[in-house]
Asks: 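I have a structure here, written as structure tokens, and I will follow up with some questions on it.
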2 protein chains.
Amino acid sequence: MNIGDVAKRIDMPVKTIRYYEDIGLISPLRDTNGYRVFRETDMHKLAFLGRARALGFSIEDCRTLMALYEDETRASADVKQLAQEHLKQIEDKIAQLQSMQATLTELVHACAGDNRPDCPILKDLASG
Amino acid sequence: MNIGDVAKRIDMPVKTIRYYEDIGLISPLRDTNGYRVFRETDMHKLAFLGRARALGFSIEDCRTLMALYEDETRASADVKQLAQEHLKQIEDKIAQLQSMQATLTELVHACAGDNRPDCPILKDLASG
DNA sequence: CCTTGACCTTCCAGTGACTGGAGACCTTAT
DNA sequence: ATAAGGTCTCCAGTCACTGGAAGGTCAAGG
């Protein structure tokens with residue numbers, strides 16, 4: 001399998017796949033012409049990475065998760081802890097965004113949005 | 001006012017203030033020794049920037065907002081539109097994070113978290 | 001006057017996770 | 001033979017800072 005076909009199959013940009021090789025997440029073989037050759041295991045790893053990234057795990061977390069996946073003697077507690085820490089970060093981020101959302105929603109509602117210059121949004125930004 | 005005092009007063013890192021000058025958001029004066037000298041208007045702008053950034057506006061949005069703030073003939077509609085677009089991005093981001101949160105919460109609950117290797121989190125990542 | 005320590009200056013490099021583009025090579029179809 | 005499209009490597013840019021090095025300045029204490 002060439003990189004383009006893999007990209008279509010896994011639905012991941014070619015550039016990203018090359019990047020993942022660069023940083024050592026995958027190690028596809030090479031054809032005599034220098035083209036990357038992807039085995040089933042490579043595609044499996046890429047799919048794994050795609051799903052972990054879609055859940056917001058960082059690349060370093062993904063690296064750890066893959067290592068745990070390949071380690072038959074892992075403790076599920078290690079995976080769970082990683083996931084829980086990540087979950088907490090997500091929850092913190094949600095809370096932060098919701099606070100912004102609340103303030104912004106209020107300000108947007110208070111603003112007439114016509115062609116007069118008077119604007120509560122700017123007023124708030126200017127004076128806290 | 002020197003940069004360090006401003007940093008304390010506005011509660012913004014010295015580095016960030018210098019960066020904001022670099023990209024042309026503020027233009028403090030200079031003393032004979034080369035030190036930056038901040039006037040009230042500079043600090044006012046920095047406070048404005050701090051609040052806009054805290055609401056998640058990008059630097060470019062902040063630039064636009066400051067320009068609108070200084071333009072006495074602005075239409076509040078322009079400010080409102082910018083804020084609404086930003087609000088929508090925040091809401092999209094919240095939705096995306098909540099979807100991650102839902103999946104992760106489920107997976108974390110399903111995982112025993114003991115020292116056996118069996119782990120639903122890894123299973124999900126491996127097979128979608 | 002000298003030193004010490006806390007400021008201040010500029011400039012360069014790194015962060016995370018890609019993304020875009022240049023220039024060159026390879027393959028496939030016409 | 002040629003053209004289109006796929007692949008290669010390498011370099012630079014994104015965003016909004018952040019860290020660090022190397023050096024100039026200032027105020028206080030001895």
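A quick note: this is a predicted structure, and the numbers were derived from the prediction, not measured. By convention in this document, chain letters (A, B, ...) are assigned in the order of the sequence lines, proteins followed by strands, and residues within each chain are numbered from 1. Just so you know, these numbers use all the heavy atoms, side chains as well, and skip hydrogens, waters and symmetry mates.
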Asks: Identify the residue among Q98(B), E91(B), K93(B) that makes a side-chain contact (heavy atoms from CB on, under 4.5 Å) with L97(A).
Replies: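 Testing each of Q98(B), E91(B), K93(B) against L97(A), the sole residue satisfying side-chain contact (heavy atoms from CB on, under 4.5 Å) is K93(B).
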
Asks: For D31(B) and dA27(D), what is the distance between atoms CG and P respectively, to the nearest whole Å?
Replies: 11 Å

Asks: So what is the end-to-end bend of the helix from dC1(C)-dG30(D) to dT30(C)-dA1(D), with 5 pairs used at each end and the value given to 10 degrees?
Replies: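 End-to-end axis angle: 30°.
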
Asks: How many Å lie between CG on D22(B) and C1' on dC11(C), as a whole number?
Replies: 10 Å

Asks: In whole angstrom, what separates I17(A)'s CD1 from dT7(D)'s C1'?
Replies: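 Rounding to the nearest Å, CD1 of I17(A) and C1' of dT7(D) are 13 Å apart.
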
Asks: Looking at D118(B) and K123(B), is any side-chain nitrogen of the basic one under 4.0 Å from a carboxylate oxygen of the acidic one?
Replies: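 Salt bridge: yes.
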
Asks: Is the phosphate of dT27(C) approached by N33(A) (side-chain N or O, under 4.0 Å from OP1 or OP2)?
Replies: yes

Asks: With a 4.5 Å heavy-atom cut-off, do K45(B) and L25(B) have their side chains touching?
Replies: no

Asks: Could you go through the side chain to side chain donor-acceptor pair (under 3.5 Å) check for E85(B) and Q89(B) one step at a time?
Replies: CA-CA 6 Å; E85(B) 279 164 18; Q89(B) 283 182 15; over 6 Å; no

Asks: What is the distance, to the nearest angstrom, from the OH atom on Y35(B) to the P atom on dT10(C)?
Replies: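 Nearest whole value for this atom pair: 11 Å.
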
Asks: Tell me whether Y35(A) shares a hydrophobic cluster with I3(A), the cluster being built from Ile, Leu, Val, Met, Phe, Trp, Tyr side chains joined at under 4.5 Å.
Replies: no

Asks: If a protein heavy atom is under 4.0 Å from the base, mark B; if only from the sugar-phosphate, S; if neither, -; do that for nucleotides 9-18 of chain D going 5' to 3'.
Replies: BB-----BBS

Asks: Have a look at I23(A) and say if it touches a base, only the backbone sugar-phosphate, or nothing, with a 4.0 Å heavy-atom cut-off.
Replies: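 Nothing, no heavy atom under 4.0 Å.
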
Asks: If hydrophobic clusters are built by linking Ile, Leu, Val, Met, Phe, Trp and Tyr wherever their side-chain heavy atoms come under 4.5 Å apart, do Y19(A) and V37(A) end up in the same one?
Replies: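 No, it is not one cluster - the side chains of Y19(A) and V37(A) are not joined through contacts under 4.5 Å.
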
Asks: Charged N to carboxylate O under 4.0 angstrom, R18(A) versus D22(A)?
Replies: no

Asks: Quick one: does H86(A)'s side chain have a donor or acceptor within less than 3.5 Å of a partner on D61(A)'s backbone?
Replies: no

Asks: Just the rounded figure in Å: distance from P of dT27(C) to CD1 of I3(A).
Replies: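 In whole Å, dT27(C) P lies 16 Å from I3(A) CD1.
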
